[in-house]
Amino acid sequence: EAQVTQNPRYLITVTGKKLTVTCSQNMNHEYMSWYRQDPGLGLRQIYYSMNVEVTDKGDVPEGYKVSRKEKRNFPLILESPSPNQTSLYFCASSPRAHMGGYTFGSGTRLTVV
Amino acid sequence: GQNIDQPTEMTATEGAIVQINCTYQTSGFNGLFWYQQHAGEAPTFLSYNVLDGLEEKGRFSSFLSRSKGYSYLLLKELQMKDSASYLCAAPRNTDKLIFGTGTRLQVFP
């Protein structure tokens, strides 16, 4: 089944403890992206990747890192999480940028205390 | 800059028709997307318009007017399962997709 897999689905952590949210797609998509979703603010783009080894900042990149060493994986790294990073995170992919619509992962609900 | 505006909430009755509007301001237009998102779930792709006019896909249709910076999503024969948020999104340049804050639609019996 064609899908984007995110893990974990739920995570509660403490301020400053490094964490990684994994994202993997099995559709050979070139384009991958991370969004966070907050009430009243909608989906905001954190980082995106046009292809392997090519990443770039979205609108809210502060406090996040990403890597794209392989086509299928696009992990989101929070080196020192803070409470303002409590949010619902979505990974998404598409064949190329804007082509065919995004396929989204199931989401990761992160709470930083 | 880029701005996408859509109503925050709408209500409708089962079996009715509802139109959800979206206005956008963008440079370098490359089409407009609509997504559906049920509460607590991931958004799912509904439609993509790059040319002016109406595109129909079953009970859902999407309209685009590039000159007016305007789009709408039309839902016919509403069902309870159509209660969800509907997100309008437009590309910024060639590599970023910007979303509106979404319209929460509640369908009542």
Side-chain angles (χ1 to χ4, degrees), chain A residues 1-7 9-10 21 23 25 27 29-51 54-61 66 68 87-110, chain B residues 1-9 20 22-51 55 57 60 62 64 66 71 73 84-105:
Chain A
E1 181 190 349
Q3 59 186 358
V4 176
T5 303
Q6 267 181 255
N7 280 297
R9 287 294 307 275
Y10 301 92
V21 184
C23 174
Q25 51 94 4
M27 297 167 281
H29 285 173
E30 290 185 358
Y31 186 89
M32 297 185 76
S33 183
W34 277 102
Y35 284 85
R36 60 177 290 173
Q37 188 172 37
D38 302 288
L41 297 176
L43 283 162
R44 294 180 292 166
Q45 193 171 36
I46 303 170
Y47 269 94
Y48 63 95
S49 169
M50 300 283 277
N51 212 328
V54 180
T55 63
D56 213 336
K57 296 177 181 178
D59 292 320
V60 288
V66 292
R68 187 95 183 271
S87 186
L88 178 60
Y89 291 86
F90 288 104
C91 179
S93 74
S94 64
R96 292 187 183 175
H98 318 318
M99 180 185 291
Y102 284 6
T103 300
F104 282 85
S106 300
T108 296
R109 187 165 291 281
L110 172 66
Chain B
Q2 185 153 4
N3 219 26
I4 297 177
D5 292 308
Q6 50 182 134
T8 304
E9 288 197 18
I20 302 174
C22 170
T23 58
Y24 63 89
Q25 298 166 333
T26 182
S27 55
F29 180 76
N30 283 312
L32 192 124
F33 293 85
W34 283 96
Y35 287 82
Q36 180 191 59
Q37 185 178 25
H38 285 99
E41 298 182 11
T44 55
F45 170 74
L46 287 178
S47 68
Y48 174 55
N49 293 65
V50 65
L51 299 176
E55 293 211 4
K57 200 186 287 186
F60 291 11
S62 54
L64 177 67
R66 289 174 294 172
S71 174
L73 182 69
S85 288
Y86 292 87
L87 314 179
C88 174
R92 177 195 294 166
N93 305 319
T94 58
D95 49 11
K96 297 181 184 179
L97 189 64
I98 309 301
F99 284 83
T101 53
T103 299
R104 184 171 168 235
L105 173 66

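Order of the sequence lines fixes the chain letters, A, B, ..., with proteins taken first and strands second; residue numbering starts at 1 for each chain. Since the structure is predicted, the reported quantities are computational estimates derived from the model, not experimental observations.
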*Under a 4.5 Å heavy-atom cutoff, which of Gly40(B), Gly102(B), Pro43(B), Ala42(B) has the most pairs with chain A?*
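Looking at each option in turn, the highest pair count goes to Pro43(B).
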*Would you say Arg44(A) has more than 12 foreign heavy atoms packed within less than 6.0 Å of its CZ?*
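Count over threshold, so yes.
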*Out of curiosity, Phe33(B) CZ to Ser94(A) OG, how far, rounded to the nearest 0.5 Å?*
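Rounded to the nearest 0.5 Å, the CZ-OG separation comes to 7.5 Å.
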*What distance do Thr101(B) atom OG1 and Gln37(A) atom CD have between them, rounded to the nearest 0.5 Å?*
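One gets 10.0 Å once the value is rounded to the nearest 0.5 Å.
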*Flag, side chain of Tyr35(B) to backbone of Tyr102(A), donor-acceptor distance under 3.5 Å*: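 Checking the backbone N and O of Tyr102(A) against the side chain of Tyr35(B), a donor-acceptor pair under 3.5 Å is found.
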*asked:* Testing the basics here: between Lys96(B) and Tyr31(A), what is the closest heavy-atom pair and its distance to 0.1 Å?
replied: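 In terms of heavy atoms, the two residues are closest at CA-OH, 4.1 Å.
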*Side chain, backbone, both or neither: which part of Leu41(A) has a non-hydrogen atom closer than 4.5 Å to chain B?*
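When you check distances to chain B, only backbone atoms of Leu41(A) fall under 4.5 Å.
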*With a 4.5 angstrom heavy-atom cut-off, could you sort out which part of Gln6(A) is near chain B: side chain, backbone, both or neither?*
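Contact with chain B is absent: no heavy atom of Gln6(A) under 4.5 Å.
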*Answer with side chain, backbone, both or neither: which region of Leu87(B) has an atom nearer than 4.5 Å to a non-hydrogen atom of chain A?*
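For Leu87(B), side-chain heavy atoms alone lie under 4.5 Å from chain A.
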*Begin from the C-alpha positions of Tyr35(A) and Leu97(B) and carry the test side-chain contact (heavy atoms from CB on, under 4.5 Å) through to its verdict.*
CA-CA 10 Å; Tyr35(A) 284 85; Leu97(B) 189 64; 3.4 Å; yes
*Go through the steps for Asp59(A) and Ile98(B) under the test side-chain contact (heavy atoms from CB on, under 4.5 Å), then give the verdict.*
CA-CA 9 Å; Asp59(A) 292 320; Ile98(B) 309 301; 3.4 Å; yes
*Counting heavy-atom pairs under 4.5 Å to chain B, which of Pro39(A), Gly42(A), Ser33(A) comes out on top?*
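When all of Pro39(A), Gly42(A), Ser33(A) are compared, Gly42(A) has the most.
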